[in-house]
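Encoded as structure tokens, the structure appears first; notes follow it.
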Amino acid sequence: MNNVCDFGAVGDGRTKDTAAIQKAIDAGGMVFFPPGIYLSGTLYLKSHGGLELAPGAVLLASPDKEDYNADDFCVQNSFSVQEKSSGAHFIVVLEQEDIVIRGGGVIDGNRQAFYNQIWEEHPQVFKLTDWRPGQMVYCCECKNVRISEVELNNAPYWTLFLHGCERVTVHGVRIWNDYKTHNGDGIDIDCCRFVTVSDCIIHSADDCITFRGNDRKLKRKQPCEFVTVTNCILGTRCNAFRIGVGEGVIRNCTVSNVIIQNTRTGIQVNGRYSPTSEGAVIENILFSDILMEVKRPLAVCSDVRGVHDQEIKPIRNLVFRNLNGTASWSSLVESNHRGDIRDIVFSGVKLKYRGGEDVEDGPGLIYAEFGTKNAPAAFHLANAEKVVFRDTQIDWESDSPNWKYGIMAVNTEITEINSGCDFGKPVNSAENG
């Protein structure tokens with residue numbers, strides 16, 4: 001194992017240790033960081049090695065733009081002009097195999113150095129400057145990646161990006177981003193296969209965990225599939241889970257034994273995020289044993305902007321089993337066309353509903369993630385087929401008259417509501433909008 005101090009790293013938080021750390025990496029094998037603060041620019045990990053950070057060791061991202069990789073350093077890289085994010089990264093793992101990042105230490109993206117001022121017009125977020133790094137830890141088209149027991153904090157953009165990888169284990173990782181961070185995702189799993197995420201605690205400003213199907217820039221196209229997330233605690237001002245984005249395929253995944261707290265939306269499944277996209281195929285996903293304290297428990301939508309007439313790829317075979325918690329916004333199942341969303345099962349769902357102040361009923365309203373109003377029901381369904389409710393109970397803790405229905409369904413086929421269901425309010429179903 002290569003100790004970075006033996007290669008000239010100082011670890012005082014002021015001296016830039018980039019060259020010394022990269023020399024230790026290039027020597028091969030694992031690289032060890034004893035306690036200290038190691039200031040560094042972009043680091044490139046190599047196959048059959050990785051980073052081990054001792055408790056008390058902090059790998060701190062440089063505040064200087066010139067210390068990072070160029071946006072075009074690889075063909076798979078991308079950046080967002082709209083989100084004012086570059087293609088620069090702190091840790092790069094590109095087309096490598098047998099990579100390990102572990103230990104009780106911290107990888108810190110130093111978000112405060114790039115933007116830290118409250119935006120007066122939007123005080124819920126920091127005001128962006130002209131430049132910031134992109135994904136903090138960037139793993140692209142790699143095999144056999146293991147990330148465990150480290151803290152990943154203060155990312156200026158997404159925290160951990162897994163793109164086109166195979167056989168990945170993320171275990172016991174702690175992620176913290178200030179809730180005012182722009183696009184501060186936790187773990188983004190994009191077109192990856194055979195991935196396990198377990199025993200993680202994630203508090204992020206944007207989506208905690210995503211399953212994505214954006215294969216456009218990959219050398220090797222593949223679906224996002226065989227992914228499992230379990231035994232995690234999540235919190236965010238956005239979505240605990242976002243399933244969607246891209247034009248590929250997301251399928252055969254499970255999420256279980258998760259606590260979601262202080263969060264806007266528990267589970268967001270959307271075929272199309274960008275208005276110019278054809279959307280992703282999403283199928284065969286099981287969510288089970290989830291305790292949630294949220295505004296909206298879940299949304300399964302063709303489009304985050306509401307029901308439109310555009311063609312969209314299918315969303316099918318989703319199961320939501322043993323969901324329990326509190327909510328104040330309606331859950332959504334909304335398809336652009338009848339049957340594009342189908343075979344949706346709710347089983348053992350028990351939710352306590354509060355709020356009602358921002359609920360409205362009437363023609364022309366858009367109920368969606370980016371909608372204008374909140375539907376007057378625990379469940380709002382539109383244009384879906386083969387929706388099943390088993391042992392689902394809604395307890396109304398709010399006496400607001402705005403809450404009118406247990407289920408509000410438009411042009412939707414509900415194939416089963418069994419005797420174990422109690423919605424506490426009427427089921428309103430209409431064949432035509």
Side-chain angles (χ1 to χ4, degrees), residues 1-4 21 24-25 28-36 38 40 43-61 89-94 96-109 135-155 158-177 185-190 192-204 208-211 226-235 240-241 253-259:
M1 184 175 292
N2 302 323
N3 188 319
V4 293
I21 297 170
I25 293 169
M30 293 295 297
V31 174
F32 177 71
F33 294 78
Y38 301 87
S40 176
L43 297 171
Y44 302 87
L45 302 193
K46 307 295 184 182
S47 291
H48 318 302
L51 310 177
E52 179 163 334
L53 294 100
V58 178
L59 183 53
L60 180 64
H89 311 288
F90 187 19
I91 308 297
V92 170
V93 197
L94 176 63
Q96 305 296 309
E97 62 181 355
D98 300 326
I99 294 292
V100 176
I101 301 174
R102 69 189 182 199
V106 177
I107 297 176
D108 191 308
Q135 296 93 353
M136 186 174 80
V137 180
Y138 176 78
C139 296
C140 183
E141 300 204 50
C142 296
K143 295 182 179 180
N144 297 332
V145 178
R146 288 168 287 170
I147 303 173
S148 62
E149 304 301 333
V150 295
E151 291 190 32
L152 306 176
N153 296 339
N154 298 312
W158 302 356
T159 305
L160 172 60
F161 184 33
L162 304 168
H163 198 193
C165 298
E166 288 195 358
R167 299 190 295 277
V168 179
T169 298
V170 181
H171 175 79
V173 170
R174 286 85 68 206
I175 294 175
W176 186 89
N177 289 321
D185 288 12
I187 302 174
D188 292 274
I189 303 166
D190 197 344
C192 294
R193 306 175 74 233
F194 310 114
V195 179
T196 65
V197 177
S198 62
D199 302 280
C200 294
I201 301 173
I202 302 173
H203 289 93
S204 62
C208 288
I209 298 176
T210 72
F211 301 167
F226 312 128
V227 178
T228 183
V229 176
T230 190
N231 297 350
C232 293
I233 300 173
L234 310 177
F241 290 94
C253 304
T254 69
V255 173
S256 64
N257 201 32
V258 172
I259 294 175

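Taken to the nearest 0.5 Å, the CG atom of L45 stands 13.0 Å off from the CG atom of D98. Rounded to the nearest 0.5 Å, atoms CG (L160) and CG (L152) are 6.5 Å apart. Between the CD1 atom of I175 and the SG atom of C208 there is a distance of 8.5 Å, given to the nearest 0.5 Å. The distance from the CG atom of L53 to the CG atom of L59 is 6.0 Å, given to the nearest 0.5 Å. To the nearest 0.5 Å, atom CD1 of residue I189 and atom CZ of residue F161 are 11.0 Å apart. Taken to the nearest 0.5 Å, the OG1 atom of T230 stands 5.0 Å off from the CG atom of N257.
With N153 contributing its side chain and W176 its backbone, the two residues share a donor-acceptor pair below 3.5 Å. Not one N or O on the side chain of D185 forms a donor-acceptor pair closer than 3.5 Å with the backbone of S204. A donor-acceptor pair is defined here as one N or O able to donate and one able to accept, closer than 3.5 Å; no such pair exists between the side chain of R102 and the backbone of V150. Under the 3.5 Å distance criterion, the side-chain polar atoms of S47 are matched with a main-chain donor or acceptor of E97. D190 places no side-chain N or O within donor-acceptor distance of the main-chain N or O of L162, the cut-off being under 3.5 Å.
Between P35 and P55 the shortest heavy-atom distance is CG-O, 3.5 Å. Contact detail for H163 and C192: the closest heavy-atom pair is N-SG, 3.9 Å. Shortest non-hydrogen contact noted between S40 and F90 is O-CE1, 3.4 Å. For the pair D199 and H171, the tightest heavy-atom approach, listed with the atom from each and the gap, is OD2-CE1, 3.2 Å. Across all non-hydrogen atoms, the minimal contact from R167 to N144 is NE-OD1, 2.8 Å. Closest of all the heavy-atom pairs between P34 and A54 is CA-CB, 4.3 Å.
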**Request:** Before giving the answer on salt bridge (Lys or Arg N to Asp or Glu O under 4.0 Å), spell out for R193 and E166 the whole-Å C-alpha distance, their side-chain angles and the decisive distance to 0.1 Å.
**Result:** CA-CA 5 Å; R193 306 175 74 233; E166 288 195 358; 3.3 Å; yes
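A parallel orientation is assigned to the rings of H89 and Y138, their planes being inclined by less than 30° (bins at 30° and 60°). The aromatic rings of F194 and F226 sit parallel, their planes meeting at an angle under 30°, below the 60° perpendicular limit.
In this structure the side chain of I99 never reaches within 4.5 angstrom of the side chain of C142, judged on heavy atoms. Side-chain contact between Y38 and L43 is absent, with no heavy atoms from C-beta onward closer than 4.5 Å. Between W158 and T210, every side-chain heavy-atom pair lies at or beyond the 4.5 Å cut-off. For the pair V93/V145, no side-chain contact is recorded, criterion being any heavy-atom separation below 4.5 Å from C-beta on. I101 is listed as a side-chain neighbour of I107, based on a closest heavy-atom distance under 4.5 Å. I25 is listed as a side-chain neighbour of L51, based on a closest heavy-atom distance under 4.5 Å.
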